[in-house]
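So you know, we letter chains A, B, ... as the sequences are listed, proteins then strands, and number each from 1. Heavy atoms only: backbone and side chains are in, while hydrogens, waters and symmetry mates are out.
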Amino acid sequence: MLDIKYLRQNIEFVSEKMNQRGQSIDFDRFTSLDIQRRDILMEVETLRSERNNVSKAIGELKKKKADASSLIAQMSDVSSKIKELDDRLRVIEDDLNAFVLTVPNIQHESVVAGRGSEDNPVVRTWGEIPSFSFAPKEHWEIGENLNILDFARGAKITGARFTLYRGLGAALERALINFMLDLHTGEHGYTEVLTPFMANRESMTGTGQLPKFAEDLFKIEGMEYYLIPTAEVPVTNIFRDEILEEKKLPVYYVAYSPCFRSEAGSYGKDTRGLIRQHQFNKVEMVKFTTPETSYDELERLTANAEEILKRLGIPYRTVSLCTADLGFSSAKTYDVEAWMPGQNAYREISSCSNFDDFQARRASIRFRREESGKVEFVHTLNGSGLAVGRTVVAILENYQQADGSVVIPEVLRPYLRGKERITF
RNA sequence: GGAGAGAUGGCUGAGUGGCCGAAAGCGAUCGCCUGCUAAGCGAUUGUACGCCCCUAAAAGGUGUACCGCGGGUUCAAAUCCCGCUCUCUCCGCCA
């Protein structure tokens, strides 16, 4: 959510930024609602002030046992007028609020204007793309052959886009989760948290999934609870409606969670394999920082995600999302894309974003400056560290052997009781 | 799921219709005092939204709202009524 005062004073600038994002927004409506709101507010507050004063006088008169009936009658009218104005004000404020909640964040100045993912600048690449003496297979073939991924039975149990892992497949997923958590807590300074996997409407609104993207979520029937699409939601909302001390910042949290996405509108995309599932595992990093440090923190956060791939020995590249690709709440996003030999392409495995104060304003997450005592919004950041299912894909495809087996990256072996290879 | 109790500022806690944005204590900040520390004394100590002032911001002035959340009664609600949420205790069920 953008600051209403800021919006009021910089409407042209914001409008231009939104155009670059391919968003057309009805700012005339905003201006009109904003003016109406302030007009009514002034009127109703004046009346309230009058009522407060006269009511006090009525109290005095009553104490002296004097007659106050004419004042009471007069205030009765004022009160009904106040009630009427309050009702009108509520409608306008609801409208205004609904409007502001659907305006995306303003992108950082370093974000390039583009028309699609082909315009995302590549920031860096790492590792050597492996060459194979045979035609590399896609991960679903490798996984099914090794009997560690079972798509048919996942579909039987639940439906399309749910997968059953078996044996070393299940163990590999679990090993990756532990490896990632251990690295981020042990070497990158994060504190591990384990959160609820359902969140309420307020939390979903706080991080920006609601009200605009309800169709992407699974909702619990009969309740205002939603399955989380990412741990970003519960973790960022840890401090919703709180004021933190400046010296506590930055806060680094890392969380494992399953993620649930309806993937509405993605029919026909990535229909095979683990790439796009309704349920997948992810380790998520979240930071709460001061405004002046958040872009440095974004660089470090992205490096923390990349470090996982380095240790696993998986080649990757990092791109900076252009305006067309940038998410609703984000001011700047780096996507880390792992090399997938079976698909002969880089595929997103982590997305690291700085939201500036966009989420913090929605969720009311603030901090108090030590120096001045002033209260300001924090900046929030998050990034996958990493998407676990997609990391399994990268391992299967990059470490596949001519005989169909898969070598386990060395750093994972301690998590798999020393096992070096997945075989038949 | 059933029965009961509760929710007040950073914390503890008073407050059953007007004198309450809210006592008192603790904590914190600043000042004084003091070989150091501690104690003591004094002052300050919430958030949001308007308006005025101002080139703008800040500061300042002023008004309104906020005592879990949402409604209602009343000239007037932390206080009375209704609904909801959450917490605690007991019972039941349960990994």
Student: I'd like the C1' distance from A77(B) over to G21(B), given in whole Å.
Tutor: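 Taking atom C1' in both G21(B) and A77(B), they lie 14 Å apart.
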Student: Could you tell me whether K212(A) atom NZ has more than 12 heavy atoms of other residues or ligands within 6.0 Å of it?
Tutor: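 Yes, NZ of K212(A) has more than 12 neighbouring heavy atoms, counting only those of other groups under 6.0 Å.
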Student: Closest-nucleotide mapping onto RNA chain B: is R368(A) or D34(A) further toward the 5' terminus? I mean the 5' end.
Tutor: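 Going by which nucleotide is closer to the 5' end, it is R368(A).
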Student: Tell which nucleotide pairs with G4(B), taking only Watson-Crick or G-U wobble pairs whose two distances are both under 3.5 angstrom.
Tutor: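 G4(B) is paired with C88(B).
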Student: Tell which nucleotide pairs with G9(B), taking only Watson-Crick or G-U wobble pairs whose two distances are both under 3.5 angstrom.
Tutor: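 Looking at the geometry, G9(B) pairs with no nucleotide.
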Student: Does OH belonging to Y225(A) count more than 12 external heavy atoms closer than 6.0 Å?
Tutor: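 Open: at most 12 neighbouring heavy atoms sit under 6.0 Å from OH of Y225(A).
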Student: Among G63(B), G18(B), A76(B), which is the nearest nucleotide to the side chain of S49(A)?
Tutor: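 Closest nucleotide to the S49(A) side chain: G63(B).
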Student: Go through A57(B), A76(B), G50(B) for me and flag the one nearest to the S55(A) side chain.
Tutor: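 Nucleotide nearest to S55(A)'s side chain: A76(B).
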Student: Look through every strand shown and name the nucleotide pairing with A14(B) as Watson-Crick or G-U wobble, where both distances are under 3.5 Å.
Tutor: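 Across all strands, not a single nucleotide pairs with A14(B).
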Student: For G21(B), give the paired nucleotide (Watson-Crick: N1-N3 plus N6-O4 or O6-N4; G-U: N1-O2 and O6-N3; both under 3.5 Å), or none.
Tutor: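 Check on G21(B): unpaired, no WC or wobble geometry under 3.5 Å.
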Student: Do T207(A) and R362(A) touch side chain to side chain, with heavy atoms closer than 4.5 Å?
Tutor: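 A side-chain contact is absent here, since even the closest heavy-atom pair is not under 4.5 Å.
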Student: Of the nucleotides A65(B), U73(B), G50(B), which one has an atom closest to the side chain of K83(A)?
Tutor: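 Closest nucleotide among those given: U73(B).
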Student: How is R201(A) classified with respect to the nucleic acid when contacts are heavy atoms under 4.0 Å: base, sugar-phosphate, or nothing?
Tutor: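 Nothing: the residue R201(A), judged by heavy atoms under 4.0 Å, touches no strand.
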Student: Just name whichever nucleotide pairs with C94(B), Watson-Crick or G-U, keeping both distances under 3.5 Å, else none.
Tutor: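 Across any shown strand, C94(B) pairs with none.
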Student: Once you apply a heavy-atom cut-off of 4.0 Å, does I58(A) come out as touching a base, just sugar-phosphate, or nothing?
Tutor: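 Counting heavy atoms under 4.0 Å across all strands, the contact made by I58(A) includes a base.
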Student: Any idea which of A57(B), G63(B), A76(B) is nearest the E45(A) side chain?
Tutor: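 Shortest atom-to-atom distance from the side chain points to G63(B).
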Student: Can you tell me the Watson-Crick or wobble partner of U74(B), both distances under 3.5 angstrom?
Tutor: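 Its partner is none (no Watson-Crick or G-U wobble pair with both distances under 3.5 Å).
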Student: So which nucleotide does G46(B) pair with, by the Watson-Crick or G-U wobble rule with both distances under 3.5 Å?
Tutor: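 In the structure as shown, G46(B) has C66(B) as its Watson-Crick or wobble partner.
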Student: With both distances under 3.5 Å as the test, what is the Watson-Crick or G-U wobble partner of C53(B)?
Tutor: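 The answer is none; no pair meets the criterion.
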Student: Any idea which of U73(B), C49(B), A65(B) is nearest the R37(A) side chain?
Tutor: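 Between U73(B), C49(B), A65(B), the one nearest the side chain of R37(A) would be C49(B).
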Student: Toward the 5' end of RNA chain B, which comes first, Y225(A) or I4(A), by nearest nucleotide?
Tutor: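 Nearer the 5' end of the strand: I4(A).
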Student: Looking only at the aromatic ring of each residue, does the gap between the centers of Y226(A) and F218(A) stay below 6.0 angstrom?
Tutor: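 Aromatic pair excluded; centres sit 6.0 Å or further apart.
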Student: Tell me which nucleotide among C49(B), A48(B), A65(B) gets nearest to the side chain of R48(A).
Tutor: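 My answer, after comparing the listed nucleotides, is A65(B).
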Student: Once you apply a heavy-atom cut-off of 4.0 Å, does V375(A) come out as touching a base, just sugar-phosphate, or nothing?
Tutor: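 If one applies the 4.0 Å heavy-atom cut-off, V375(A) turns out to touch the sugar-phosphate alone, with no base involved.
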Student: For M198(A), I'd like to know if atom CE has over 12 heavy atoms of other residues, nucleotides or ligands within 6.0 Å.
Tutor: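 It does not: M198(A) CE has 12 such atoms or fewer within range.
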